[in-house]
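Each chain gets a letter, A, B and so on, in the order the sequences are listed, and its residues count up from 1.
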2 protein chains.
Amino acid sequence: MAKYKEVAEDMQRKIRAHAFGKKLPTEKELLEMYSVSRNTIRSAINILVKQGYIHKIQGSGLYINKKTIGDRNVLNLAVKIGLSRVLPEHSITSKLLNFGLISADKKLASNFSCDIGTPIYRVKRLRFIDNHPLSIEDSYYNKNIIKYLNEDIAKNSIYSYIENDLKLEIRFSDEYISVKPLTDEECEHLNVQKGSSSLMIREINYLKSSIIFNISETLYNNDQIVLYTPVQRD
Amino acid sequence: MAKYKEVAEDMQRKIRAHAFGKKLPTEKELLEMYSVSRNTIRSAINILVKQGYIHKIQGSGLYINKKTIGDRNVLNLAVKIGLSRVLPEHSITSKLLNFGLISADKKLASNFSCDIGTPIYRVKRLRFIDNHPLSIEDSYYNKNIIKYLNEDIAKNSIYSYIENDLKLEIRFSDEYISVKPLTDEECEHLNVQKGSSSLMIREINYLKSSIIFNISETLYNNDQIVLYTPVQRD
DNA sequence: ACACATTTGTCCGTATGTATC
DNA sequence: TGATACATACGGACAAATGTG
């Protein structure tokens, strides 16, 4: 892995472990700690800023954002590629609602930018955080890219399977957030009051070279989660 | 303004004007066009990536993301500091629902990280996009920082007043997204069916030096808008 | 109010690695 | 395979904001 990414990950670990106080060491101290150049340490720092871990004050220092890190009820969109990564302190489990291999119809093909008839895995899961129902995820994987999936993998983290076993690199995603009234069945799954609405995130996920390997629609339990995102003015 | 920011803005303008095709010129061509160094052009490019204008493919080039730019129904969170900036192609107007000067109670003081009793402007507005009701914004401004506001300013863009007239620099914000059932009055304002729910964004806005000058809660009309955010894996 | 040291921000140049075509 | 194009990393110089005395 690139140096600046390794440094960033180490700094994140230290922040989560409260190894620093309210402030990070200065750039100068950090580049000495990690034996890298100033540009490299600044690349690492910028990742932390983008993900909402810290904010910078010119002339003063690097300050840790206390609030949103490690809170079960806060889902940080800036880090949100796969659930397990966003909430590493919590146990994410799944109940499989549907698993199958289908063939892309016109709409799916359009969303995937693939040919009609392309084989697609469909995985619908009820997901739990620390045993509380968190979300209903309806997800589609392009089988030409994700060659093999099964129910066992789907019960666990599909994303860690893709990254660790298939060695594919997930690069970026587009997220569309809206509100959807829930059906009675969905309310039961999520254990919320009938007639309520929920946050829905439509997601398009890309490998490197901008290959779409996955699209999904997820309904979140409002009682369990608030979305968070930091925004930097450039 | 910094060179890389000027370059980024110019590139954004060109993208919005469809001055490039599907691809941007290469880094090398761009740095020659703008007479800047490679680092500078790359800083500018990274802004466009972060804001969802383009994506990069190593070895191939810089590709323009068609979909989300200039769409009235898509509110790009990565650019969302003030509404007028996010949707420059559209007319944003406001109807003032409430305007007043109040004194920070315990809760407001805590949210603002200021003393109890600090003077605070409250501005509640119904906002329209191209004359369609878009959102109900309930907003608070710390008078110690934003020294003067009036109803006239509030009817127009408060953010452009802050930046252009007061010459204050808005630096970053924290956004919390959830779902809220609407009251009948809110439904009428937004012209949506009674009993429906809406996206709510709680926002904390900072000047440089991490000074909180504004917090707000905004209810969005789901019929008019979908939130969008690009996420880069680092 | 001023001068000074500290700390982050911007910009430049160069070299080499990696992915795509 | 070679050429092209983006990615990573190092080094140095000066500017701007902050904090201190």
Identify all pairs in which a protein N or O lies below 3.5 Å from an N or O of nucleotides 15-17 of chain D, and state each distance.
residue	atom	partner	partner atom	Å
D/dA16	N3	A/Gln58	NE2	3.0

message = Under the ring pair (Phe, Tyr, Trp, His ring centres under 6.0 Å) definition, can you give me all pairs with a residue in residues 144-172 of chain A, not counting sequence neighbours?
response = A/Tyr159-A/Phe213, A/Phe172-A/Tyr206, A/Phe172-B/His55
key: Min side-chain heavy-atom separation B/Asn142-B/Ile212 under 4.5 Å   = no
query = Rounded to whole angstroms, how far apart are CG on A/Leu207 and P on C/dA19?
reply = 14 Å
message = For the backbone of B/Leu108 and the side chain of B/Asp105, can you confirm whether one donor and one acceptor N or O come within less than 3.5 Å of each other?
response = yes
remark   = The correct set of residues in residues 2-10 of chain A placing a heavy atom under 4.0 Å from DNA chain C is none
note = In A/Ile41, A/Ile45, A/Ile47, A/Leu31, the residue satisfying side-chain contact (heavy atoms from CB on, under 4.5 Å) with A/Val7 is A/Ile41
task = Would you please name every residue forming a side chain to side chain donor-acceptor pair (under 3.5 Å) with A/Thr93, sequence neighbours left out?
result = none
request  = For DNA chain D, find the residues of residues 22-41 of chain B with a heavy-atom distance under 4.0 Å and give them by number; none if there aren't any.
outcome  = B/Thr26, B/Glu27, B/Arg38
request  = Mind checking A/Leu62 for me? I need base, sugar-phosphate or nothing, with any heavy atom below 4.0 Å counting as a touch.
outcome  = sugar-phosphate
inquiry  = Salt bridge or not between A/Glu9 and A/Arg13? Use side-chain N to carboxylate O under 4.0 Å.
reply    = no
request  = Count the heavy atoms of every other residue, nucleotide or ligand shown that sit under 6.0 Å from NZ of A/Lys28, and state whether that count exceeds 12.
outcome  = no
ask   = Angle, rounded to 10°, between the helical axes spanning five pairs at each terminus of the helix from C/dC2-D/dG21 to C/dC21-D/dG2?
value = 20°
inquiry  = Test your reading of the model: is there a side-chain donor-acceptor pair from A/Lys23 to the backbone of A/Ser60, 3.5 Å cut-off?
reply    = yes
query = So does B/Asp174 pair up with B/Arg202, basic N to acidic O under 4.0 Å?
reply = no
